[in-house]
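I have placed the structure first, in the form of structure tokens, so that the comments after it can refer back to it.
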Amino acid sequence: NAGVTQTPKFQVLKTGQSMTLQCAQDMNHNSMYWYRQDPGMGLRLIYYSASEGTTDKGEVPNGYNVSRLNKREFSLRLESAAPSQTSVYFCASRETVRGGYTFGSGTRLTVV
Amino acid sequence: QQPVQSPQAVILREGEDAVINCSSSKALYSVHWYRQKHGEAPVFLMILLKGGEQKGHEKISASFNEKKQQSSLYLTASQLSYSGTYFCGTEEERNTGNQFYFGTGTSLTVIP
């Protein structure tokens, strides 16, 4: 099925460990996004990529890095995980500003 | 700036109607509505662009008053499948590039 694919679905990290969340979309969308979702706070933008070759910070970028590998793939890296990064992470893509976001199924990350 | 949603939570019996409101203090280019079921990703329902749109999607419709920077989502003759958390998202017009924010969500529970 066409859409946004995220891996892994679940992950437990120890404080200080690193990991990369992978995201790929097959809808030929230009823009891709990483959001985190915490209880009572809605979805907050971490980083986004308006087009291949560009990335920009969102509301909560500290502690994260991203790579737009090509038009399809956008990865999120935690270099040194902290308990405050325990959250559900969603990747999303969007064709244009006149369309909605399509979300991946999410990654539930726990940092202990 | 994060839009304000009201109410925070609502419980309905099957067949009843509900209205969810979304309000911003900024000039808006568009308003989005999403539904998220527990443990799943948000799903795009509709987008309303500036120009005072009203849109419908089966028994779920929405309006957008750009002068008041407000949008409302209308759910009529609710069904059990309508249960979930509804998020609005607002795209603010800025010279430096539009900014998008999600609201904190409205929990909707439909009971038999």
Side-chain angles (χ1 to χ4, degrees), chain A residues 1-10 21 23-25 27 29-51 54-61 87-110, chain B residues 1-9 20 22-24 26-51 53 55 57 60 62 64 71 73 84-94 96-107:
Chain A
N1 290 337
V4 179
T5 304
Q6 271 183 253
T7 56
K9 291 194 181 303
F10 300 94
L21 281 65
C23 175
Q25 54 94 6
M27 296 172 288
H29 287 174
N30 286 318
S31 302
M32 296 186 73
Y33 307 81
W34 277 104
Y35 281 92
R36 61 178 288 174
Q37 186 173 34
D38 302 293
M41 301 190 75
L43 291 139
R44 293 181 295 168
L45 182 64
I46 305 170
Y47 270 94
Y48 68 100
S49 171
S51 61
T54 68
T55 60
D56 284 288
K57 295 178 180 179
E59 297 173 71
V60 288
S87 187
V88 180
Y89 292 84
F90 288 102
C91 178
S93 71
R94 190 182 184 192
E95 187 174 16
T96 69
V97 294
R98 299 180 71 86
Y101 291 86
T102 301
F103 286 89
S105 57
T107 297
R108 188 170 295 273
L109 175 68
T110 302
Chain B
Q1 189 167 359
Q2 190 173 46
V4 176
Q5 284 186 238
S6 63
Q8 287 187 321
I20 300 172
C22 177
S23 179
S24 175
K26 304 291 186 181
L28 300 177
Y29 172 78
S30 69
V31 178
H32 298 211
W33 286 98
Y34 295 80
R35 176 170 61 208
Q36 183 177 31
K37 293 189 179 284
H38 185 69
E40 299 180 7
V43 173
F44 173 66
L45 295 176
M46 66 188 79
I47 181 172
L48 300 103
L49 302 174
K50 70 175 184 177
E53 280 197 286
K55 274 194 159 182
H57 178 73
I60 301 175
F64 174 30
S71 178
L73 184 72
T85 301
Y86 289 79
F87 292 96
C88 70
T90 52
E91 187 142 20
E92 299 174 2
E93 285 194 297
R94 296 188 187 178
T96 53
N98 291 359
Q99 296 291 312
F100 188 92
Y101 298 94
F102 282 97
T104 53
T106 296
S107 173

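In what follows, chains carry the letters A, B, and so on, assigned in the order in which the sequence lines appear, proteins first and then strands, with residues in each chain numbered from 1.
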Given a strict heavy-atom distance threshold of 4.5 Å, which part of A:Leu43 is in contact with chain B: side chain, backbone, both, or neither? both
Is it true that a side-chain atom of B:Tyr34 and a backbone atom of A:Tyr101 form a donor plus acceptor pair closer than 3.5 Å? yes
A:Ala50, A:Gly99, A:Gly106: which one forms the most heavy-atom pairs within less than 4.5 Å of chain B? A:Gly99
Can you tell me which portion of A:Tyr33 sits under 4.5 Å from chain B's heavy atoms? Options are side chain, backbone, both or neither. neither
Are more than 12 heavy atoms, taken from residues, nucleotides or ligands other than B:Lys37, located less than 6.0 Å from that residue's NZ atom? yes
Give a yes or no on this: more than 12 heavy atoms of other residues, nucleotides or ligands lie within 6.0 Å of atom CZ of A:Arg108. no
In short, salt bridge (charged side-chain N to carboxylate O under 4.0 Å, His left out) pairs touching residues 90-100 of chain A with sequence neighbours left out are A:Arg94-B:Glu91
For residues B:Glu40 and A:Phe90, report the shortest heavy-atom separation together with the two atoms involved. O-CZ, 3.9 Å
Please classify the contact between B:Gln5 and chain A as side chain, backbone, both or neither, with a heavy-atom cut-off of under 4.5 Å. neither
Search all heavy atoms of B:Ala41 against all heavy atoms of A:Ser105 and return the closest pair with its distance. CB-CA, 4.2 Å
Counting only heavy atoms closer than 4.5 Å, note whether B:Gln36 contacts chain A via side chain, backbone, both or neither. side chain
